[in-house]
Amino acid sequence: MSISLPMLLLMLGCALVTWVPRVIPFILVRNIQLPDVALRWLAYIPVCILSALVLESLFEAEGKFVTFDWLNLAAFIPTLFVAIWTKSLSKTVIVGVITMAILQLFI
């Protein structure tokens with residue numbers, strides 16, 4: 001399978017458009033000392049994003065009712081304990097992925 005030049009240029013353009021907005025903020029603030037208020041505010045962003053992702057996956061809409069997704073809830077509990085205990089994002093993600101894989105394997 002060969003890739004045509006327009007398709008290759010399209011993929012490179014998409015990569016550039018995705019990469020640039022993620023890298024430019026780091027380049028701009030690399031040599032700037034941000035105020036303490038800004039640093040405290042930025043510290044909450046990962047927690048907010050994680051909370052939004054987790055809460056969205058824990059609930060299911062069934063008609064007019066909202067119920068728990070019990071499989072996701074079962075994986076969430078040990079993952080939450082690891083997050084609180086270790087305060088490590090990588091360990092938390094690894095435990096969450098492994099827990100979900102084990103649950104899907106046996107349930």
Side-chain angles (χ1 to χ4, degrees):
M1 180 172 143
S2 65
I3 297 175
S4 65
L5 182 61
M7 185 58 69
L8 180 63
L9 292 175
L10 178 66
M11 288 189 290
L12 290 174
C14 289
L16 185 68
V17 167
T18 301
W19 183 75
V20 167
R22 295 169 196 257
V23 172
I24 286 180
F26 290 108
I27 292 171
L28 293 177
V29 298
R30 180 175 56 190
N31 297 324
I32 298 173
Q33 179 64 33
L34 293 174
D36 287 338
V37 172
L39 293 175
R40 282 196 311 263
W41 178 77
L42 288 171
Y44 287 104
I45 289 177
V47 174
C48 293
I49 292 170
L50 183 62
S51 299
L53 292 172
V54 167
L55 289 178
E56 187 271 331
S57 69
L58 286 180
F59 298 105
E60 290 182 339
E62 292 183 5
K64 295 181 180 180
F65 300 102
V66 176
T67 61
F68 282 112
D69 182 338
W70 294 105
L71 189 66
N72 286 345
L73 183 64
F76 172 71
I77 293 169
T79 305
L80 178 64
F81 285 128
V82 169
I84 292 170
W85 184 41
T86 66
K87 295 179 179 48
S88 167
L89 182 60
S90 59
K91 291 176 185 174
T92 302
V93 170
I94 290 169
V95 168
V97 168
I98 290 173
T99 304
M100 182 57 85
I102 291 170
L103 286 171
Q104 287 181 346
L105 182 66
F106 291 113
I107 295 178

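Residues passing the side-chain hydrogen bond (donor to acceptor under 3.5 Å, both in side chains) test with T67, sequence neighbours excluded: E62. Applying the side-chain contact (heavy atoms from CB on, under 4.5 Å) rule to A101 yields no partners; only residues at least two apart in sequence or on another chain are considered. Remark: E56 pairs with no residue by the side-chain hydrogen bond (donor to acceptor under 3.5 Å, both in side chains) rule, at least two apart or across chains. Evaluation of the ring pair (Phe, Tyr, Trp, His ring centres under 6.0 Å) rule for W70 yields F68 as partners, not counting sequence neighbours. Scored by the side-chain contact (heavy atoms from CB on, under 4.5 Å) test, R22 finds T18 as partners (sequence neighbours excluded). With sequence neighbours excluded, the residues forming a side-chain contact (heavy atoms from CB on, under 4.5 Å) with V37 are R40, listed by chain and number.
Counting heavy atoms from C-beta outward, L10 and C14 have side chains that approach closer than 4.5 Å.
Counting only residues at least two apart or in different chains, side-chain hydrogen bond (donor to acceptor under 3.5 Å, both in side chains) contacts with residues 87-96 comprise S88-S90. Applying the ring pair (Phe, Tyr, Trp, His ring centres under 6.0 Å) definition to pairs two or more places apart or across chains, none involves residues 71-106.
Side-chain contacts under 4.5 Å among hydrophobic residues (ILVMFWY), followed directly or transitively, place F65 with no other residue at all. I107 belongs to a hydrophobic cluster whose other members, connected by ILVMFWY side-chain contacts under 4.5 Å either directly or through intermediates, are L71, M100, L103. The hydrophobic cluster containing L28 also includes L16, W19, V20, V23, I24, I27, under a criterion of side-chain heavy atoms closer than 4.5 Å among ILVMFWY residues, counted directly or through chains of members. Hydrophobic cluster of V82: the remaining members, joined at side-chain heavy-atom separations below 4.5 Å, are V95, listed by chain and number.
Cluster annotation: W41 is not connected to F26 through the hydrophobic network of ILVMFWY side chains, with a link wherever side-chain heavy atoms come within less than 4.5 Å.
In this structure, CD on Q104 lies 11.0 Å from CD1 on I102, to the nearest 0.5 angstrom. In this structure, OG1 on T79 lies 10.5 Å from CG on L73, to the nearest 0.5 angstrom.
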